[in-house]
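In this text, all values refer to a predicted model and were calculated from it rather than measured experimentally. In the text below, chain A, chain B and the rest are named by the order of the sequence lines, each starting its count at 1.
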2 protein chains.
Amino acid sequence: MTFWKSFFYNNINNSCTKIIDKENILLIKNLDNKGDLFDIYLNINHDINLYDLEKLCDSVGWVRRPIKKVKIAIQNSFLTACLFYNNNNKKELIGFARATSDESFNATIWDVVIHIKFQDKGLGKLLMSQMIKELRYYDINTITLFADPQVIKFYKHLGFIMDPDAVKGMFWYPI
Amino acid sequence: MTFWKSFFYNNINNSCTKIIDKENILLIKNLDNKGDLFDIYLNINHDINLYDLEKLCDSVGWVRRPIKKVKIAIQNSFLTACLFYNNNNKKELIGFARATSDESFNATIWDVVIHIKFQDKGLGKLLMSQMIKELRYYDINTITLFADPQVIKFYKHLGFIMDPDAVKGMFWYPI
């Protein structure tokens with residue numbers, strides 16, 4: 001097991017989820033006595049630097065979207081969650097997800113992304129678990145998403161069910 | 001063809017979509033010279049009588065939901081559309097749909113319902129077409145929904161695609 005893999009593995013399984021202040025939650029505290037070099041923070045519904053988000057999305061090869069439209073989408077999302085990596089006191093955005101919701105029955109999760117360098121370390125699972133936890137806090141019982149084929153297994157592990165009772169996800173696009 | 005069937009068939013194919021005022025759009029005008037007995041109105045983002053909505057949902061056998069939660073869901077929906085039937089100047093709610101949205105990229109349509117007595121007359125198609133039209137006005141390009149097996153065909157006729165590029169609708173429920 002590589003250092004990173006063992007670091008994240010150990011930390012995720014011992015993640016501390018400590019509330020630092022109103023907006024920041026320390027999810028993973030580095031335990032290797034090297035200060036807080038590798039601390040991972042979760043940030044809920046906080047201001048997002050749209051250029052940092054663009055950089056994050058670039059890292060996984062997503063098609064660029066107009067910053068103006070991204071801004072509106074974030075403003076009108078019920079929930080946004082960011083993962084930051086604390087690199088020598090410089091916070092670097094390494095994960096993002098957002099959800100639209102009626103704040104009562106349903107929420108739909110969109111744009112789940114983990115920086116390419118930080119993938120396969122359990123951070124996606126961590127981010128999604130926090131999204132679910134937040135949405136459950138508002139008593140939202142149906143959390144939905146649309147999963148690309150390569151991430152269906154990932155979401156299944158988190159408890160998401162594909163096509164329950166033969167309910168199908170459908171899309172309409174302008175011609 | 002029964003009177004109702006032929007009436008709606010003729011009218012939907014000649015529907016007038018006339019804006020009456022800021023909130024009301026006359027969709028179908030009775031053409032049989034009997035006054036406005038059968039006029040159908042569309043109402044966008046207007047106050048909804050929650051008890052009328054409950055009655056409408058009862059007519060199709062939906063499980064009742066707490067009125068308080070329905071109120072919150074409607075308040076936090078980006079778009080609501082109601083169909084009214086003008087019965088001797090008494091407006092009767094006969095159709096409803098709503099959508100959550102980030103007001104930029106995506107919208108998800110929920111709770112599409114046509115009163116049991118008014119089904120199979122093309123009103124569902126009319127309601128959905130108006131929903132799409134409204135969402136497109138805001139330049140929303142991805143309109144999604146989760147369809148029960150018995151209505152998949154209906155949505156396909158409206159141009160909705162099931163599992164495009166093997167993208168799957170997934171659901172998470174609390175255990």
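For N141(A), the parts sitting under 4.5 Å from any heavy atom of chain B are the backbone and the side chain alike. Interface remark: L135(A) contributes no atoms to any contact with chain B (heavy atom separation under 4.5 Å). For a residue to count as touching a neighbouring chain, one of its non-hydrogen atoms must lie under 4.5 Å from one of that chain's; by this rule T108(B) touches chain A with the side chain only.
Considering only heavy atoms from C-beta on, F78(B) stays 4.5 Å or farther from N76(A) through its side chain. Between F171(B) and I143(A) there is no side-chain heavy-atom pair separated by less than 4.5 Å.
Using a 4.5 Å cut-off between side-chain heavy atoms of Ile, Leu, Val, Met, Phe, Trp and Tyr, with links allowed through other members, F154(A) and V167(B) fall into different hydrophobic clusters. Linking ILVMFWY side-chain heavy atoms closer than 4.5 Å, directly or via other members, places L42(A) and Y138(A) in a single hydrophobic cluster. Linking Ile, Leu, Val, Met, Phe, Trp and Tyr whenever their side-chain heavy atoms come within less than 4.5 Å puts L50(A) and W62(A) in one cluster. With hydrophobic clusters built from ILVMFWY side chains whose heavy atoms lie under 4.5 angstrom apart, F146(B) does not share a cluster with V60(B). Following chains of ILVMFWY side-chain contacts shorter than 4.5 Å, one cannot reach W110(A) starting from I140(A), and the two form parts of different hydrophobic clusters.
Residue with the most contacts toward chain A among A107(B), P174(B), G159(B): P174(B) (heavy-atom pairs, distance under 4.5 Å). Of the residues considered (A166(A), P164(A), S77(A), S104(A)), S104(A) shows the highest number of contacts with chain B, using heavy-atom pairs under 4.5 Å. Ranked by non-hydrogen atom pairs under 4.5 Å with chain A, the options I74(B), D165(B), I132(B) are led by I132(B). Of all the listed residues (D139(B), I161(B), L158(B)), the one sharing the greatest number of non-hydrogen pairs under 4.5 Å with chain A is I161(B). Counting heavy-atom pairs under 4.5 Å between each of T142(B), N106(B), I152(B), D163(B) and chain A puts N106(B) at the top.
Residue T144(A) holds its OG1 atom at 11.0 Å from CG of L145(B), rounded to the nearest 0.5 Å. To the nearest 0.5 Å, the span separating OG1 on T100(A) from CZ on F105(B) amounts to 13.0 Å.
Contact annotation for residues 64-73 of chain A against chain B (heavy-atom separation below 4.5 Å, listed by residue number): R65(A), K69(A), V70(A), I72(A), A73(A).
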Starting from the C-alpha separation in whole Å, work towards a yes-or-no answer on side chain to side chain contact (heavy atoms under 4.5 Å, CB included) for D102(A) and Q75(B). CA-CA 8 Å; D102(A) 60 17; Q75(B) 277 168 346; over 6 Å; no
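Using a 4.0 Å cut-off between charged nitrogen and carboxylate oxygen, K168(A) and D148(B) do not count as a salt-bridge pair.
Ring geometry, F160(B) versus W172(A): the interplanar angle falls from 30° to 60°, so the pair is classed tilted.
Minimum interatomic distance between K156(A) and M170(B) (heavy atoms only, all atoms of both residues): CG-CE, 3.8 Å.
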